[in-house]
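As the structure is a prediction and not an experimental result, all values here were calculated from the model. These numbers come from the heavy atoms of this one structure, side chains and all, not from hydrogens, waters or symmetry mates. In each ligand, atom 1 is the first atom listed, and ligand 1 is the first ligand listed.
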Amino acid sequence: MTSTETSAEHMGTTLSEAQIAVHWREEEYLYPPARFVAQANSADPDIYHRFSEDNFPECFRDYADLLDWDRYWHTTLDSSDPPFWKWFVGGRLNASYNCVDRHMKKTPNKAAIIWVPEPEGQLTEAITYRELYRRVNEMAALLRDFCGLQAGDRVTLHMPMVPELPVVMLACARLGVVHSEVFAGFSGTACGGRIADSGSRVLITMDSYYRDGKLLDHKVKADEALEAAGKEGAQVSKVLVFRRHPGEYRSANPMVEGRDFFVDEVIGRYAGQTVEPVSMPAEAPLFLMYTSGTTGRPKGAQHSTGGYLSYVAGTSKHYLDIHPDDTYWCFADIGWITGHSYIVYGPLALGTTTVVYEGAPAYPDAGRPWRIAERLGVNIFHTAPTTIRMLRKAGPDLPAKYDFRFKLMVTVGEPIEPEVWRWYHQVVGKGDAVVVDTWWMTETGGFLGATLPGVKPMKPGSCGPGALGIYPVIYDEEGKVIDPGSGRAGNICIRNPWPGIMQTIWGQPERFVQTYYAKYNQDRASKDWRDWPFLCGDGAVQALDGYYRILGRIDDVINVSGHRLGTKELESAVLTVPEVAEAAAVPVVDELRGRVVEMYISLKPGVTGPSEVEEKAKAAIETQIGKVARPRNVWVVPDMPKTRSGKIMRRVIASISNFADVGDISTLANPDVVEGIRHQVQSRKLQRNEVPRQLTQKELEEIRSYGTAE
Ligand code: WT7
């Protein structure tokens with residue numbers, strides 16, 4: 001008996017696997033206000049023609065021309081060695097020059113970076129382009145002369161959200177040194193693996209930083225990192241340690257003589273020095289960004305200088321609508337690709353003012369982001385659904401209490417539920433801001449799918465059409481194109497190369513080809529880029545209007561009796577229940593149905609009566625998706641286990657629901673909630689006699705890595 005027969009028998013209905021997306025309701029369009037359109041960088045629909053396939057790849061000249069080149073390129077795209085594309089070949093430029101020097105000449109006294117420390121009593125720091133120029137030059141001199149670094153060397157950074165981080169990145173770029181920033185919330189061990197993989201001889205870190213009201217000891221991780229890197233045979237000769245409070249060391253771990261140096265002590269030697277920006281070939285790597293692989297060696301996405309910088313500058317201009325006089329705040333961490341592309345490189349390449357905030361979104365309360373926006377006059381705001389949900393949960397009415405006005409707001413990182421989208425638009429955007437849902441990933445350098453804000457209407461829950469010059473396609477498992485408007489979901493790919501695409505996985509070119517191209521490439525010998533669709537790793541569905549709805553990573557599906565239920569659609573359905581603030585769906589192994597769904601929810605403040613909510617959540621799924629998806633249990637928990645970047649750790653709650661070991665929870669932002677949830681859920685399951693049989697190895701692997709797919 002096949003699984004489809006099983007389900008037909010049990011449910012009295014037959015659905016094909018690919019039908020998962022038909023459960024989504026089509027949402028209404030919302031149009032950008034005329035006031036926005038009148039000032040937008042691009043308001044002429046003809047731009048889509050300029051970026052049409054007929055004009056590929058020359059269309060991307062537009063983006064590259066936003067930069068200053070030391071030498072103009074002769075070949076826009078060299079595709080002779082697929083899938084190792086080369087952009088703007090023959091060109092030479094320096095990223096630090098483009099983000100600093102050229103603006104310093106025109107607007108020396110304009111703020112490049114405004115830094116907001118987490119403690120509200122500490123003063124905000126505005127760093128002008130001239131001051132940024134000084135700091136970057138002095139740091140570059142230190143890296144070159146004190147550390148002996150030169151073009152092509154790699155350096156690992158393990159830095160929190162302080163202005164020293166972009167300064168160090170730009171100082172590396174000035175020398176042609178490849179930086180590899182590891183998110184500060186990652187453990188020392190994770191950092192060590194990345195040091196070893198990249199072959200860095202220098203680690204740059206900080207003694208401590210503020211997060212959620214606490215000064216965290218960060219230097220301790222540097223020692224763990226070096227130990228872990230050492231086990232992999234890596235040799236780190238110098239550790240540069242910034243001090244959060246210069247002159248005061250705030251870590252329990254001692255400095256290691258001859259290896260560790262305080263930057264504030266050494267930098268004085270380089271005061272006032274300038275370093276000539278090294279003119280780099282367009283294809284020289286600018287940085288590595290490791291993606292969180294669950295198994296195996298970490299994957300260092302290698303991004304180029306010319307292609308990458310062009311792409312983030314161009315997309316910042318058209319999609320973030322950044323003008324030089326805007327105050328732009330991207331509320332992400334520079335330790336992620338979002339921060340590299342859309343806090344540092346894109347905005348600074350355009351010479352705007354970019355805000356960097358040190359701490360947690362809701363510290364000391366959920367009004368903090370709105371106070372920052374009000375005080376600094378932020379007019380472009382950029383954050384992730386997880387933060388939006390959290391702010392909506394903790395202070396649904398707070399934005400109205402502050403006097404700020406956003407012209408444009410961005411959401412990025414995961415699909416946003418239409419309910420949450422509407423709160424963002426109406427309450428944070430005060431009904432007046434344009435919302436741009438930007439879909440992309442670490443590997444792609446910049447946006448892949450989004451609405452061009454002055455041209456296309458918004459549709460909650462859909463990212464929009466392909467970005468300019470990006471031609472997506474959705475394939476089924478066999479490589480057949482799925483028609484737009486068919487309501488069928490499949491694997492979304494990008495048919496063409498674009499300047500922001502990663503160059504390779506650092507040191508693992510074969511894995512690069514395997515991971516991103518092998519699935520739909522028919523002929524490895526082909527020299528035609530059309531034979532090399534890039535596999536994004538997301539499931540998606542395209543509506544008749546060409547807009548894409550992203551369903552999440554391909555592996556984030558729960559297969560109930562042969563029905564592939566997207567985690568996101570389940571969660572979106574539950575979020576239509578007014579009391580619910582957050583929802584996470586996980587699979588539970590079931591003898592009869594393969595997997596059943598369990599739902600974890602947290603409630604908005606002041607809401608009581610969980611049993612009623614449980615029933616409402618089940619009913620919402622049943623009506624919006626179908627009986628097949630009805631969760632066996634709905635667990636109302638006080639708080640979800642989350643990573644430091646705010647993603648719900650579905651693997652932890654999935655393990656709890658399946659009585660499996662929760663694994664390593666040391667990287668969670670709130671590891672202390674896990675035990676309480678485990679007790680709550682497992683004691684009820686024991687009472688209800690819902691303990692699953694011993695799981696097989698394969699099942700255990702699925703559960704323990706659920707929601708963490710590469
Ligand atoms: C995955 C990539 C892009 C920078 C931050 C995350 C999901 C990202 C959206 C969006 C729906 C989205 C995808 C993608 N994702 N943006 N607007 N709508 N899903 O980078 O850690 O490399 O994660 O994030 O599943 O594959 P990342």
CA sep, side-chain torsions, deciding dist, call: W336, F186, ring-ring contact (aromatic ring centres under 6.0 Å, His included): CA-CA 11 Å; W336 305 115; F186 276 156; 5.7 Å; yes
Looking only at distance, does [X] have an N or O less than 3.5 Å from an N or O of ligand 1?
X    : result
G413 : yes
E443 : no
D437 : yes
D538 : yes
T442 : yes

Per-residue contact class, P415 against ligand 1 - non-hydrogen pairs under 4.0 Å: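 For P415, backbone and side-chain atoms both sit under 4.0 Å from ligand 1.
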Heavy-atom distances under 4.0 Å decide this one: backbone, side chain, both or neither, for E414 against ligand 1?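 For E414, the contact with ligand 1 is made by the backbone alone.
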Show, in sequence, the C-alpha distance, side-chain angles and deciding distance for Y520 and F534, and conclude whether the ring-ring contact (aromatic ring centres under 6.0 Å, His included) test is met. CA-CA 8 Å; Y520 292 117; F534 174 84; over 10 Å; no
Y308 vs H303 aromatic rings, parallel, tilted or perpendicular, using cut-offs 30° and 60°?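 Ring orientation, 0 to 90° scale: tilted.
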Parallel, tilted or perpendicular, as decided by the 30° and 60° cut-offs, for the rings of H158 and H218: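 Plane angle between 30° and 60°, so tilted.
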For the rings on F60 and W87, is their centre-to-centre separation under 6.0 Å?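 Yes - the distance between ring centres of F60 and W87 falls below the 6.0 Å cut-off.
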Is the distance between the ring centroids of H318 and Y63 under 6.0 Å?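 Yes, they do, as the ring centres are separated by less than 6.0 Å.
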Are K519 and Y475 in a cation-pi setup, meaning NZ or CZ lies under 6.0 angstrom from the ring centre and within 45 degrees of the ring axis?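 Because its charged atom misses either the 6.0 Å distance or the 45° angle limit, K519 does not stack over Y475.
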Close side-chain approach of Y600 to I648, heavy-atom, < 4.5 Å: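 Counting from C-beta outward, Y600 and I648 never come under 4.5 Å.
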How about Q542 and D483: does a side-chain donor come under 3.5 Å of a side-chain acceptor?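 There is no such pair (donor and acceptor under 3.5 Å, judged by atom type) between the side chains of Q542 and D483.
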Applying a strict 4.0 Å limit to heavy atoms, is T291 in contact with ligand 1?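 Distance cut 4.0 Å: T291 fails for ligand 1.
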Option of least heavy-atom distance to atom 1 (C) of ligand 1 (set: Y342, W440, W336, F447):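 It is W440 that holds the nearest heavy atom.
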Subset of ligand 1 atoms that lie under 4.0 Å from at least one heavy atom of [X]:
X    : answer
T338 : 4 (C), 5 (C)
I550 : 11 (C), 19 (N)
T438 : 9 (C), 10 (C), 16 (N), 17 (N)
I337 : 4 (C)

